[in-house]
Amino acid sequence: QVQLVESGGGSVQAGGSLRLSCAASGYSYSSYCMGWFRQAPGKEREGVAAIFPGVGSTYYADSVKGRFIISRDNRKNTVYLQMNSLKPEDTAMYYCAVNTRGTACGLSPTLGYNYWGQGTQVTVSS
């Protein structure tokens with residue numbers, strides 16, 4: 001049974017930092033792409049960052065490049081999203097997801113991500 005459990009969200013002022021964690025279980029962790037997505041009220045879900053844990057290849061949305069860092073700890077089957085220089089427009093529910101359907105990896109929510117976590121709220125105040 002695949003499980004993805006996010007943690008680390010919260011409220012922070014603009015310019016601050018947060019680190020999100022996504023603990024994965026129930027599948028071959030290093031074999032499939034994991035991504036971080038976010039969805040703000042009234043907006044579509046968008047990809048923020050993705051990583052292929054076994055290789056370490058990473059992908060970032062232009063809006064977060066230079067501010068967010070995705071990483072993994074393969075011993076803990078956990079992917080992290082370090083978010084720095086946060087802006088009010090980063091406010092959203094953040095989700096991690098895994099694509100166990102194949103080897104595709106990227107930022108599109110329709111890429112094939114078939115398991116999603118429950119989400120963790122990030123709120124950035126100005």
Side-chain angles (χ1 to χ4, degrees):
Q1 179 182 356
V2 175
Q3 282 194 316
L4 302 173
V5 180
E6 301 107 330
S7 60
S11 297
V12 65
Q13 289 192 326
S17 298
L18 286 171
R19 190 177 80 155
L20 306 183
S21 300
C22 176
S25 61
Y27 69 99
S28 181
Y29 162 82
S30 62
S31 300
Y32 301 105
C33 178
M34 292 185 72
W36 283 100
F37 299 83
R38 66 187 181 188
Q39 188 166 19
K43 295 189 176 182
E44 292 187 353
R45 188 170 296 188
E46 62 173 348
V48 175
I51 188 168
F52 210 104
V55 178
S57 51
T58 57
Y59 307 80
Y60 293 96
D62 287 343
S63 58
V64 306
K65 279 181 183 176
R67 299 190 298 124
F68 291 11
I69 301 171
I70 189 170
S71 63
R72 86 287 195 199
D73 185 338
N74 291 349
R75 296 169 302 173
K76 297 182 179 180
N77 285 9
T78 298
V79 170
Y80 304 97
L81 185 68
Q82 178 67 42
M83 304 186 295
N84 302 319
S85 302
L86 282 161
K87 305 175 181 180
E89 50 263 43
D90 294 318
T91 295
M93 185 72 80
Y94 283 70
Y95 302 87
C96 68
V98 62
N99 172 20
T100 65
R101 292 174 174 164
T103 58
C105 196
L107 301 178
S108 171
T110 61
L111 184 73
Y113 292 98
N114 52 333
Y115 292 98
W116 294 79
Q118 80 286 355
T120 185
Q121 179 67 37
V122 171
T123 302
V124 184
S125 58
S126 58

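Note that these values count all heavy atoms, side chains included, but never hydrogens, waters or copies made by symmetry. FYI, the numbering just counts along the sequence from 1.
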Any side-chain heavy-atom pair of Tyr59 and Phe52 under 4.5 Å: no

Flag for Asn114-Thr100: side-chain donor and acceptor within less than 3.5 Å: yes

Under 3.5 Å: donor-acceptor pair, side chain of Thr120, backbone of Gly9: yes

Side-chain ion pair, Lys87 and Asp90, N-O less than 4.0 Å: no

Validation row: Arg45, Tyr95 side chains within 4.5 angstrom (heavy atoms): yes

Polar side-chain atom of Arg67 near backbone of Ser85 as donor-acceptor pair, under 3.5 Å: yes

Note, Leu4 side chain near Tyr27 side chain (heavy atom, < 4.5 Å): yes

Leu86 and Thr91, any side-chain heavy atoms less than 4.5 Å apart: no

Donor-acceptor under 3.5 Å (Thr78 side chain, Lys76 main chain): yes

Within-4.5 Å side-chain heavy-atom neighbours: Val12 and Met83: no

Donor-acceptor contact below 3.5 Å, side chain Asn99 vs main chain Ala104: yes

Check: Tyr60 side chain, Leu107 main-chain N or O, donor-acceptor pair, under 3.5 Å: no

Phe68 and Asn84, any side-chain heavy atoms less than 4.5 Å apart: no

Donor-acceptor contact below 3.5 Å, side chain Arg19 vs main chain Gln82: no

Parallel, tilted or perpendicular, as decided by the 30° and 60° cut-offs, for the rings of Trp116 and Phe37: tilted

Backbone N/O of Gly119 and side chain of Glu6: donor-acceptor pair under 3.5 Å: yes

